[in-house]
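The first residue of the sequence shown is numbered 1, and numbering continues consecutively from there.
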Amino acid sequence: MEYTYQTQGVCSRTMRISVEDGIITQLQVDGGCDGNLSGISRLVAGMPVEEVIARLEGVRCDDKPSSCPDQLARALKELL
């Protein structure tokens with residue numbers, strides 16, 4: 001299953017997430033900090049959706065109420 005999520009309130013714009021049998025197979029992010037988001041994309045590949053949500057939900061960026069990792073958790077919660 002492929003899912004596209006429009007982020008809100010962060011530097012990245014769009015996240016394209018591929019999930020098979022509850023496991024993230026690929027994450028592509030448009031915009032944001034390329035190095036950090038490329039690293040996050042590699043780290044979450046092969047991880048269960050629920051584990052990624054548990055680890056990333058609530059992470060904040062500076063004084064913003066969210067962050068790119070938190071936006072990923074929000075996108076994954078929509079998939080459940």
**Request:** Quick one: do Leu80 and Glu50 satisfy side chain to side chain contact (heavy atoms under 4.5 Å, CB included)? Show the steps, please.
**Result:** CA-CA 9 Å; Leu80 296 179; Glu50 293 85 3; 3.8 Å; yes
**Evaluation steps, side chain to side chain contact (heavy atoms under 4.5 Å, CB included), between Gln8 and Arg74** = CA-CA 10 Å; Gln8 299 173 3; Arg74 292 178 189 200; 5.5 Å; no
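- For Ser67 (side chain) and Val59 (main-chain N/O), a donor-acceptor pair under 3.5 Å exists by modelled atom type.
- Under a cut-off of 6.0 angstrom, the local environment of CD in Glu51 is crowded, with over 12 non-hydrogen atoms contributed by other residues, nucleotides or ligands.
- For Thr7 (side chain) and Arg13 (main-chain N/O), a donor-acceptor pair under 3.5 Å exists by modelled atom type.
- Considering Val10, Leu56, Leu76, Val29 in turn, Val10 is the only one that fulfils the side-chain contact (heavy atoms from CB on, under 4.5 Å) rule with Gln71.
- Cluster annotation: Ile53 is connected to Ile17 through the hydrophobic network of ILVMFWY side chains, with a link wherever side-chain heavy atoms come within less than 4.5 Å.
- Both Met47 and Leu37 are assigned to one and the same hydrophobic cluster, defined by single-linkage of ILVMFWY side chains at heavy-atom distances under 4.5 Å.
- No donor-acceptor distance shorter than 3.5 angstrom exists from the side chain of Ser41 to the backbone of Gln28, with no hydrogens or angles considered.
- Met15 has its side chain within reach of Cys68: a pair of non-hydrogen atoms, C-beta onward, lies under 4.5 Å apart.
- The minimum heavy-atom distance between Lys64 and Gly9, with the atom names listed, is CD-O, 3.6 Å.
- Hydrophobic clustering (ILVMFWY, side-chain heavy atoms < 4.5 Å, transitive): Leu72 and Leu43 are in distinct clusters.
- Under the 4.5 Å side-chain criterion, counting only non-hydrogen atoms from C-beta, Arg16 is not in contact with Leu27.
- For the atom pair OH (Tyr5) and CD (Glu78), the distance works out to 5.5 Å, reported to the nearest 0.5 Å.
- Between the side chains of Glu20 and Thr25, no donor-acceptor pair is found at a separation under 3.5 Å.
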